[in-house]
Amino acid sequence: MVLSIDGGGCRGAIPVVILARLERHIGRPLRRHFDLIAGTSTGALVAAAVAAEVPMAELVVRWPALARDVFSGPGPIAVLRSLLREGPSRPAYDPAPLAAAAERIVGRRTLGSLSGATMLFAYDVETARPWVAKSWHPAYRDLSLTDVLLASCAAPGYFPGRVVAGRALIDGGFAANNPAACALAEAARFEGGDTSKVRLLSLGTGASPSPITASDIAEWGMLEWAPRAITELLEAQVAAADYQCAQLLGERYLRLQPELPRHLRAMDAAENVAGLMDAARQFLEAGAEKELLDWFGVVAR
């Protein structure tokens, strides 16, 4: 069985709540139920926590403080110093709080020390190819897990890119913000190309569609498309991976992705975490929990 978790910054609160609910019903660590775990960006952090057998209920409790620590901007004096030293073009957030938060959750360890098979995604800007850190592979297993997570979470404009094992890396969302199709490809390789035994649970970090009309696309130029292009490309990639997995696996695939109101859409708004968690709980109570437990073959406790 495969678990895949999307990127999404603070919105990682959503899969954390869903996984905590599932773990409560199962009654033991989720790691023991998945043969392969995949994650991108914030999903990489959650995936690492699952692989490290961190209780998901504990992660629910810690997530609001984690978000505040990671997405709290520097004070005005620090901003002024940074502007004088580096100019106005600089990442919005210091990666040090993210590194500290990651180590509080999963500890200081190597990627290979995670139990089972775990794959975390970043994007290599020099080769223009996905960089997939595999816990079982000799080329990656001795890497610092913190370094891998910082690379996976290095969203341009938010955090600085990171060099890991000589590779210049940024956020894995540029290649696979929804890593489900990549995880399926890896699972198929494990099975000698046969996907008939693969079951895949894919968790999103919330959809917040902002429709573009027919009249818009007929008239928009660079000025109108510029603020929307990256968001649309990321959402399209997420949807494409969902389509591929659904077509290949049918009922052996489950995608859980609640819709969010626009005010919860931001990826770096720590003040939204409580609302995101409420949205995840409402989604579960509206039928997703039963769907998940039925698909997983677990009796509700």
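Computation of the quantities below employed the complete heavy-atom set of this structure, encompassing side-chain atoms and omitting hydrogens, waters and symmetry-equivalent molecules. None of these values were measured; they are calculated from a predicted model.
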Q. Can you tell if the side chain of M277 reaches within under 4.5 Å of the side chain of V60, non-hydrogen atoms only?
A. yes
(Q) Restricting to ring pair (Phe, Tyr, Trp, His ring centres under 6.0 Å), what partner residues turn up for W131, sequence neighbours left out? (A) Y140
Q.
Taking the basic N atoms (NZ, or NE/NH1/NH2) and the acidic carboxylate oxygens, is any pair closer than 4.0 Å for D35 and K197?
A. no
**Q.** Minimum heavy-atom distance C10-L276, with the two atoms named
**A.** O-CD1, 3.8 Å
Q | Residues clustering with V238 (ILVMFWY side chains joined when closer than 4.5 Å, directly or via others) | A | none
Q. Would you say L3 and L30 make side-chain contact, with heavy atoms under 4.5 Å?
A. no
Q) How many angstroms lie between CD in E291 and CZ in F283, if you round to the nearest 0.5 Å? A) 7.0 Å
Q.
If you compare all heavy atoms of T42 against all heavy atoms of G8, which two are closest, and at what distance to 0.1 Å?
A. CG2-N, 3.2 Å
Please tabulate, for side-chain N and O atoms in residues 154-176, each donor-acceptor pair with protein atoms closer than 3.5 Å (sequence neighbours left out).
from: R162; atom 1: NE; to: D147; atom 2: OD1; distance (Å): 3.2
from: R162; atom 1: NH2; to: D147; atom 2: OD1; distance (Å): 3.0
from: R167; atom 1: NH1; to: D124; atom 2: OD2; distance (Å): 3.1
from: D171; atom 1: OD1; to: G173; atom 2: N; distance (Å): 2.6
from: D171; atom 1: OD2; to: S41; atom 2: OG; distance (Å): 2.8

Q: Flag yes if V2 and L254 sit in one hydrophobic cluster, no otherwise; membership is Ile, Leu, Val, Met, Phe, Trp, Tyr, and two members link when side-chain heavy atoms are under 4.5 Å apart.
A: no
Q. Taking all non-hydrogen atoms of both residues, which atom of W63 and which atom of G9 are closest, and how far apart?
A. CZ2-O, 4.1 Å
Q.
The criterion is side chain to side chain donor-acceptor pair (under 3.5 Å); which residues satisfy it with Q257, sequence neighbours excluded?
A. none
Q: Not counting sequence neighbours, which residues clear side chain to side chain donor-acceptor pair (under 3.5 Å) with R141? List them please.
A: none
Q: Please list all pairs passing the salt bridge (charged side-chain N to carboxylate O under 4.0 Å, His left out) test where one or both residues lie in residues 105-118, with sequence neighbours left out.
A: E103-R108
(Q) Show me the pairs that pass salt bridge (charged side-chain N to carboxylate O under 4.0 Å, His left out) and involve residues 179-189, at least two apart or across chains. (A) K134-E186, E186-R189
Q: Count the heavy atoms belonging to other residues, nucleotides or ligands that lie under 6.0 Å from CD of E251, then report whether that count exceeds 12.
A: no
**Q.** Heavy-atom donor-acceptor pair, R68 side chain to A270 backbone, under 3.5 Å
**A.** no
(Q) Restricting to side chain to side chain donor-acceptor pair (under 3.5 Å), what partner residues turn up for D6, sequence neighbours left out? (A) R255
Q. ring-ring contact (aromatic ring centres under 6.0 Å, His included): which pairs involve residues 175-218, sequence neighbours left out?
A. W136-F190
Q | Residue pairs passing the salt bridge (charged side-chain N to carboxylate O under 4.0 Å, His left out) test where at least one lies in residues 47-58, sequence neighbours excluded | A | R32-E53, E58-R62
**Q.** side-chain contact (heavy atoms from CB on, under 4.5 Å) involving F296 - partner list, sequence neighbours excluded
**A.** M1, L22, I26, H33, F34, V298
Q. What residues form a side chain to side chain donor-acceptor pair (under 3.5 Å) with D294, not counting sequence neighbours?
A. K290
(Q) If hydrophobic clusters are built by linking Ile, Leu, Val, Met, Phe, Trp and Tyr wherever their side-chain heavy atoms come under 4.5 Å apart, do L45 and Y93 end up in the same one? (A) yes
